[in-house]
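Data first, discussion second: the structure below is written as structure tokens.
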Amino acid sequence: MYIDDLTDAVVECAKSKGWKVEAGIIYKKQTAEFEFGKFTPAGRDFSFSAEMKCANINSLIENIEEYYEDFDVDYETYIWLDQFGHGRNGAPYRMRAVLEDMEATEKMIEELLEAIKEMEVPEEY
């Protein structure tokens, strides 16, 4: 499987889970770059980037795992609150609602990661 085919397969997998995906391939570096985007339950337009090296699905999985493990629900909640603890920039008004939305966002990332892990890819890729 070539990097083009694997990139297309990842895009289709993510789209089947409700994600919007922009993908590009840098052929000189044999790297595919992905921008995954999805609205959170509260309507936040959330996105993150990941990359796959040398048509190696495991490099993409590792990159997404690292992002997932570093995703800080408390920090993400904090940046959506104003000085009074209320949502700003379209975030919910109640602190708990913002926190729950960020917890749901973390779950969305986890579900995408699991879907990509479950993709059937030839072992050498």
Locate the shortest heavy-atom distance separating Ile109 from Trp19; write the atom from each residue and the value. N-CZ2, 4.2 Å
If you count the non-hydrogen atoms of other residues, nucleotides and ligands that lie under 6.0 Å from NZ in Lys107, is the total more than 12? no
Partners of Tyr27 by side chain to side chain contact (heavy atoms under 4.5 Å, CB included), sequence neighbours excluded? Ile3, Asp4, Ile25, Gln30
Any luck finding a side-chain donor-acceptor pair between Glu35 and Ser47 under 3.5 Å? yes
Do NZ/NE/NH1/NH2 and the carboxylate oxygens of Glu111 and Lys38 come within less than 4.0 Å? no
Can you tell me how far CD of Glu33 sits from CG of Asn63, rounded to the nearest 0.5 angstrom? 10.0 Å
For Glu114, is the CD atom crowded, meaning more than 12 foreign heavy atoms sit under 6.0 Å from it? yes
Glu110 side, atom CD; Thr105 side, atom OG1 - distance, nearest 0.5 Å: 13.0 Å
Side-chain ion pair, Glu51 and Lys53, N-O less than 4.0 Å: yes
Does Val10 reach the side chain of Ile57, with side-chain heavy atoms less than 4.5 Å apart? yes
Where at least one partner belongs to residues 94-116, residue pairs that pass ring-ring contact (aromatic ring centres under 6.0 Å, His included), sequence neighbours excluded: none
Does some side-chain heavy atom of Thr77 sit less than 4.5 Å from a side-chain heavy atom of Met95? no
Is there side-chain contact between Phe36 and Ile64, with heavy atoms separated by less than 4.5 Å? yes
If you compare all heavy atoms of Tyr68 against all heavy atoms of Glu106, which two are closest, and at what distance to 0.1 Å? CE1-O, 3.5 Å
Could you see if Leu60 belongs to whatever hydrophobic cluster contains Met119? Use Ile, Leu, Val, Met, Phe, Trp, Tyr and a side-chain cutoff under 4.5 Å. yes
Shortest non-hydrogen pair, Phe39 vs Met108, comes out as O-SD, 4.0 Å
Find the distance between CG (Leu6) and SG (Cys13) and round it off to the nearest 0.5 Å. 10.5 Å
Is it the case that one hydrophobic cluster holds both Val98 and Tyr93, taking links as side-chain heavy atoms less than 4.5 Å apart, direct or via other members? no
Assign the ring pair Phe71 / Phe46 to parallel, tilted or perpendicular, where the plane angle (0 to 90°) is split at 30° and 60°. perpendicular
Distance in Å, Leu113 CG paired with Glu65 CD, rounded so as to fall on 0.5 Å steps: 5.0 Å
Rounded to the nearest 0.5 angstrom, the CE-OG1 distance for Met102 and Thr40 is 5.0 Å
Partner set under side chain to side chain contact (heavy atoms under 4.5 Å, CB included) for Ala23, not counting sequence neighbours: Thr7, Val11, Phe34
First locate atom CG of Asp74, then atom CG of Leu99, and finally report the distance between them rounded to the nearest 0.5 Å. 6.5 Å
